[in-house]
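Okay, structure first, notes after.
In this text, all values refer to a predicted model and were calculated from it rather than measured experimentally.
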Amino acid sequence: MKTLTEYIAFDLEFNTVDDVSHIIQVSAVRYCQGIEVDSFDSYVYSRVPLQSFINGLTGITAEKIQSAPQIEQVLVSFKDFVGQVPLIGYNAQKSDLPLLLENGLDLTSLYQVDLYDQAFERRSTDLNGIANLKLQTVANFLDIKGQGHNSLEDARMTAQVYEKFLEFDENRQLLEKQEEVSIDNPFASLGNWLD
């Protein structure tokens, strides 16, 4: 997995009516050296009636949508927030990036790591025994707390899952180095006993 010392984890919530998805929340967190240093969170105005299912799932109300800025304004602010910082997401290649592109914002060149793909690759190692690969399930499995289906919370959970995967990778590399030393020097494990 690519190691990024600075990145932005992002997520969208959307309302799908008649097979058309309308963005209703855009959120992101900026991480630097493993710490959240900034965040972006905005609801998005939509004339399309909010599905009751989406309201129940996300907690987003029609009132929040009605008083929110227009999509164009939100995406200009979001683009400014992102700048040229690498992006990570959870299954964003299939939903969030194409939806942003449909609305005139192409961030595909900045997208560096998809945590869903990472979770899929790690399901028999770091995530052995996990029930499914939904973000909330992966986060819970890794003892990361967060409220799913709120894009700011999802962005935070995505960043924390990434940090946890980085930690797993570092630990694996340390173990591999120790094993190499042990193979090269069969007495390495005895330490100072032979002095």
pair [X]-[Y]: side-chain heavy atoms closer than 4.5 Å:
X      : Y      : answer
Val76  : Lys79  : no
Ser27  : Asp11  : no
Gln118 : Val161 : no
Thr16  : Gln51  : no
Ile130 : Val138 : yes
Ser42  : Gln73  : no
His22  : Phe14  : no
Asn150 : Gln25  : yes

Item to check | Sequence neighbours excluded, every pair satisfying ring-ring contact (aromatic ring centres under 6.0 Å, His included) that has a member inside residues 54-102 | outcome: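 Listed by first then second residue: Phe40-Phe78, Phe40-Phe81, Tyr90-Tyr116.
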Minimum heavy-atom distance between [X] and [Y], given as atom pair plus value:
X      : Y      : result
Gly83  : Leu110 : O-CD1, 3.5 Å
Ile88  : Ala159 : CD1-CA, 4.3 Å
Ser109 : Gln112 : O-NE2, 3.8 Å

Hey, does the side chain of [X] reach the backbone of [Y] with a donor-acceptor pair shorter than 3.5 angstrom?
X      : Y     : result
Tyr111 : Gly89 : yes
Asn103 : Leu99 : yes
Asp114 : Ala92 : yes

Item to check | Verdict with reasoning, Leu100 to Ile23, per side chain to side chain contact (heavy atoms under 4.5 Å, CB included) | outcome: CA-CA 8 Å; Leu100 288 173; Ile23 298 172; 4.1 Å; yes
Item to check | Ionic contact status for Arg172 with Asp126, cut-off 4.0 Å | outcome: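 Yes, charged N to carboxylate O under 4.0 Å.
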Checklist entry - Got a salt bridge between Asp143 and Lys145, using NZ or NE/NH1/NH2 to carboxylate O under 4.0 Å? => result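 Result for this pair is yes, salt bridge flagged.
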Working to the nearest 0.5 Å, report the span between [atom1] of [X] and [atom2] of [Y].
X      : Y      : atom1 : atom2 : result
Ile60  : His149 : CD1   : NE2   : 11.0 Å
Asn15  : Leu50  : CG    : CG    : 5.0 Å
Asn171 : Gln173 : CG    : CD    : 9.5 Å
Leu105 : Leu97  : CG    : CG    : 9.0 Å
Leu87  : Arg30  : CG    : CZ    : 10.0 Å
Ile71  : Ile24  : CD1   : CD1   : 10.5 Å

Checklist entry - Could Arg122 and Phe165 be counted as a cation-pi pair, given that NZ or CZ must be under 6.0 Å from the ring centre and within 45° of the axis? => result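 Because its charged atom sits under 6.0 Å from the ring centre and within 45° of the axis, Arg122 does stack over Phe165.
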Item to check | Within 45° cone and under 6.0 Å: Arg123 NZ/CZ vs Phe120 ring | outcome: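 Yes, cation above the ring, under 6.0 Å and within 45°.
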Item to check | Criterion side chain to side chain contact (heavy atoms under 4.5 Å, CB included) on Leu133 and Phe141, from CA distance to verdict | outcome: CA-CA 10 Å; Leu133 295 178; Phe141 188 87; over 6 Å; no
Checklist entry - Applying the side chain to side chain contact (heavy atoms under 4.5 Å, CB included) test to Leu142, which of Glu163, Met157, Lys164, Gln160 qualifies? => result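 Of the listed options, the one satisfying the test is Lys164.
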Checklist entry - Taking the six-membered ring for Trp, is the centroid-to-centroid distance between Tyr162 and Tyr31 below 6.0 Å? => result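 Here the rings of Tyr31 and Tyr162 have centres that are no less than 6.0 Å from each other.
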Item to check | Glu13-Thr58 side chain donor-acceptor pair, cut-off 3.5 Å | outcome: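 The answer is no; no qualifying pair exists.
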Checklist entry - Under 3.5 Å, is there a donor-acceptor pair linking the side chains of Asp154 and Gln136? => result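 On atom types as modelled, these side chains do not qualify, holding no pair under 3.5 Å.
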Item to check | Partners passing side-chain contact (heavy atoms from CB on, under 4.5 Å) against Asn132 (at least two apart in sequence or in another chain) | outcome: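 By the side-chain contact (heavy atoms from CB on, under 4.5 Å) rule, Asn132 matches Lys134, Thr137.
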Taking [Y] as the starting point, is it possible to reach [X] by hopping between hydrophobic residues whose side chains are less than 4.5 Å apart?
X      : Y      : result
Leu152 : Val82  : no
Phe10  : Leu107 : yes
Leu115 : Leu135 : yes

Checklist entry - Under the side chain to side chain contact (heavy atoms under 4.5 Å, CB included) criterion, do Thr3 and Leu166 qualify, and how do the steps go? => result CA-CA 7 Å; Thr3 301; Leu166 284 177; 3.8 Å; yes
Checklist entry - What's the verdict on side chain to side chain contact (heavy atoms under 4.5 Å, CB included) for Leu12 and Ser151, showing C-alpha distance, side-chain angles and the deciding distance? => result CA-CA 5 Å; Leu12 309 177; Ser151 61; 5.6 Å; no
Item to check | With sequence neighbours excluded, residues passing side chain to side chain donor-acceptor pair (under 3.5 Å) with Ser77 | outcome: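 Ser77 satisfies side chain to side chain donor-acceptor pair (under 3.5 Å) with no other residue.
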